Amino acid sequence: MTAPAPVPGPVRTRFCPSPTGLVHVGLIRTALFNWAHARHTGGTFVFRIEDTDAARDSEESYRHLLDSLRWLGLDWDEGPEIGGPNGPYRQSERHGIYADVAAKLLAAGHAYESFSTNEEVDARRLAAGQDPKLGYDNHDRHLTDAEKAAFRAEGRQPVLRLRMPDEDLVWTDLVRGEVRFAAGAVPDFVLVRGNGVPLYPFVNPVDDALMGITDVLRGEDLLPSTPRQLALYAALTDIGVASGTPRFGHLPLVTGEGTRKLSKRDPTSNLDIYRDRGFLPEGLVNYLALLGWSIAEDRDIFSPGELVEAFDITRVSANPARFDLKKAEAINATHLRALPVGEFVERVVPYLAGAGLVGQPPTAEQDRVLRAIAPLAQERMIVLSEAVGLLAFLFVDDVEIDPAAAEKQLAGADAVEVLDATVAALTDLADWSTGAIEEALKTALVEGLGRKPRQAFGPVRVAVSGRTVSPPLYESIELLGRERTLARLAAARAVAASAAG
RNA sequence: GGCCCCGUCGUCUAGCGGCCCAGGACGCCGCCCUCUCACGGCGGUAGCGAGGGUUCGAAUCCCUUCGGGGCUACCA
């Protein structure tokens, strides 16, 4: 077969999920590549909802899908809540269209009515010494009117099958190059069920054709269904429903820990967990884009804008890609650190507010503290939710001292001595600033007590922040203020004293 | 079983016949910086699945083989 004639015109891609359950990261990666390809080429990105499975689809899942794409910044030009010239964009609202196209296909002879039951097909395969797994045998292609009438008289409802061409089915895959299926390898498949309900392999290409989709980028799991769609497109083009065959690009599968396709059951496949933990949308987009694509030989950090600028579908790798949480976190952390202070504060406030630490919006004082600590916090976080544990001590009256930290740093007479010296140094400190605090503490603890900095500041840190790990001490003390600092030092001293017995 | 896809460090990848006794990133290890933790800097670890060709020359092209994966519904 010669290469099919492409759909003419500028690029039009689409994303067409079913609203069933959780939003899968592999699905999002597919959406991302379609979006990036459309944006890069100045084309159009169409969003269509394939909600034809009433049993599994849900309105909640539908809303969640829209919300997820919006959060990631994957904006669509045509689709739900936006509309467009090729709507409606929910399959559940398009039923009338399919019956009409099916009738035309039947009338033109591209499709035919088939009455064979699965049992009959298997029996014929077996009788011919063949493996029943080969499937339907194209037996009903040339039924006479009398034969059809006889079947109907038995009460049988025929399915509608597409007549597959007797030639190799070939296409040049955007990511894999030429792919070929031998003539006869794919049986005539079902377009419409006996009960009149059209099937996915039929409605999906019909909608793509009607919506003028030029480039179909989808998961590799759908590659085996492409020869059927090629045949369908040829038929649709013949009857004037399609204006050509789209280009196909089969994206590598996203795998989980092993080598298997990342399943919907795998908790790590759920987009929500990344969002809830405080991944930045641009961080996740950056990482997801790396699953099968690379921007340059020596670079892997980029913004969505830079992705669009550089994206080239023909440079997408054909290998399966494993989702690596560590790398995703590293990429996100880099984006987090690069955030301007104001923006970081804006994004972290919902997490802090959610934990009851600051108001929504924060008070002027909370905002001042947040902005001051932001640069120090940013380089210690990989996701936004970590701000809660890291910064809580700045927004409460009294800290709760972590038992393990107390055990480690407040366990003896040494700690008492250090804390006493610290109180003495800070109580009347004239200039309550980071620099003056640092100088006062070094003088009192390092020089005065003759301790190594490491040992000197441990108990102070735990007293002030409640933890052994915190933002830099002097800055923290300054932001905390004299009153709370001294109160915490006193409280910690009591703990240390009782431990010292 | 059949059809199809894939095969470079542990992971994601660069590489499209000489620039590669293979580059980057994450991870891991070490050192430096240092009030903790990070950040940052420096260094290290580790790979072309195997076998045949083609070629002056192959990670790159061809074949075979092995391995991994996907699909095999009147689901989507």
Side-chain angles (χ1 to χ4, degrees), chain A residues 16-18 20 50-53 55-57 91 114 116-118 130-136 157-161 173 175-176 179-182 185-187 189-201 203-204 219-227 250 252-253 255 257-261 287 290-301 315 317-331 333-334 337 375-382 390 405 409 438 441-442 445-446 452-458 460-462 465 467-476:
Chain A
C16 51
S18 296
T20 58
E50 306 217 328
D51 54 346
T52 52
D53 188 343
R56 292 193 300 162
D57 297 331
Q91 274 181 348
S114 174
S116 293
T117 62
N118 288 334
Q130 297 168 332
D131 185 346
K133 285 190 169 165
L134 259 23
Y136 175 66
Q157 293 290 309
V159 298
L160 193 67
R161 288 183 187 272
D173 195 275
V175 342
R176 282 151 219 277
V179 181
R180 173 182 299 267
F181 283 72
V186 184
F189 66 101
V190 177
L191 263 17
V192 182
R193 279 208 280 220
N195 62 8
V197 174
L199 263 16
Y200 166 82
V203 301
N204 177 275
E220 189 193 343
D221 50 338
L222 288 168
L223 190 147
S225 72
T226 305
H250 289 91
L253 255 21
T255 70
E257 257 317 296
T259 50
R260 299 292 178 81
K261 180 168 75 162
Y287 177 66
L290 255 14
L291 258 23
W293 182 75
S294 63
I295 193 165
E297 187 165 342
D298 54 0
R299 175 179 172 211
D300 59 12
I301 299 294
R315 287 183 47 82
S317 160
N319 316 356
R322 180 174 304 183
F323 189 94
D324 180 0
L325 182 60
K326 280 284 205 308
K327 176 115 180 180
E329 290 178 338
I331 298 281
T334 303
R337 290 196 295 273
L376 271 14
Q378 279 174 270
E379 66 185 30
R380 290 170 170 73
M381 293 164 50
I382 58 182
L390 190 66
Q409 295 289 352
E438 172 173 6
L441 291 189
K442 280 187 172 162
L445 307 182
V446 180
K452 291 218 162 66
R454 211 181 181 79
Q455 282 131 24
F457 299 110
V460 180
R461 183 182 307 282
V462 171
S465 73
R467 312 170 130 216
T468 55
V469 172
S470 78
L473 230 206
Y474 319 125
E475 286 85 346
S476 296

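Residue numbers begin at 1 in each chain, while the letters A, B, ... track the order of the sequences. Quick caveat: nothing in here was measured; it's all calculated off a predicted structure.
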Would you indicate which nucleotide in [options] comes nearest to any side-chain atom of [X]?
| X | options | answer |
| --- | --- | --- |
| A:R176 | B:C6, B:U13, B:C74 | B:C6 |
| A:N319 | B:C35, B:U8, B:G70 | B:U8 |
| A:K261 | B:G70, B:C6, B:C35 | B:G70 |
| A:R193 | B:C74, B:U13, B:C35 | B:C74 |
| A:L473 | B:C35, B:A76, B:C12 | B:C35 |
| A:P320 | B:C6, B:G70, B:A76 | B:C6 |
| A:D298 | B:G24, B:A76, B:U11 | B:G24 |

Using purine N1 to pyrimidine N3 plus N6-O4 or O6-N4 for Watson-Crick, or N1-O2 and O6-N3 for G-U wobble, each under 3.5 Å, what pairs with [N]?
| N | value |
| --- | --- |
| B:A25 | B:U11 |
| B:C3 | B:G70 |
| B:C39 | none |

Could you state the [atom1]-[atom2] distance from [X] to [N], rounded to the nearest angstrom?
| X | N | atom1 | atom2 | value |
| --- | --- | --- | --- | --- |
| A:D53 | B:A73 | CG | C1' | 13 Å |
| A:D300 | B:G23 | CG | P | 17 Å |
| A:F189 | B:U72 | CZ | C1' | 15 Å |

At 4.0 Å (heavy atoms only), tell me whether [X] reaches a base, stays on the sugar-phosphate, or touches nothing.
| X | result |
| --- | --- |
| A:A321 | sugar-phosphate |
| A:R461 | base |
| A:T259 | sugar-phosphate |
| A:S465 | nothing |
| A:Y200 | base |
| A:L441 | nothing |
| A:V159 | base |
| A:E220 | base |
| A:G458 | nothing |
| A:P471 | base |
| A:S18 | sugar-phosphate |

- request: Report the residue (A:Y474 or A:V197) whose heavy-atom-nearest nucleotide on RNA chain B is the more 5′ of the two.
  value: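 Checking each residue's closest nucleotide, the 5'-ward one belongs to A:Y474.
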statement: On RNA chain B, more 5' by nearest nucleotide between A:R299 and A:P201 is A:R299
- prompt: Looking at side-chain heavy atoms only, is the closest gap between A:Y287 and A:F323 below 4.5 Å?
  reply: yes
field: Any A:L199 side-chain heavy atom under 4.5 Å of A:R193 side chain
entry: yes
- request: State whether A:R315 places a side-chain N or O below 4.0 Å from either non-bridging phosphate oxygen (OP1 or OP2) of B:G15.
  value: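 Yes, within the criterion.
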- prompt: Under 4.0 Å between a side-chain N or O of A:K326 and OP1 or OP2 of B:U11?
  reply: no
Approximate separation, where rounding is to 0.5 Å, of A:E438 CD and A:E475 CD: 8.0 Å
query: Between the base of B:C37 and the side chain of A:R380, is there a donor-acceptor distance below 3.5 Å?
result: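 Check passes, donor-acceptor contact within cut-off.
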- prompt: Does any N or O donor sit under 3.5 Å from an N or O acceptor when you compare the side chain of A:R337 with the base of B:C39?
  reply: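 Absent.
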[atom1] atoms of [N] and [M], separation to the nearest Å:
| N | M | atom1 | result |
| --- | --- | --- | --- |
| B:C20 | B:C16 | C1' | 14 Å |
| B:C75 | B:G68 | C1' | 26 Å |
| B:A58 | B:C39 | P | 43 Å |
| B:U13 | B:G30 | C1' | 26 Å |

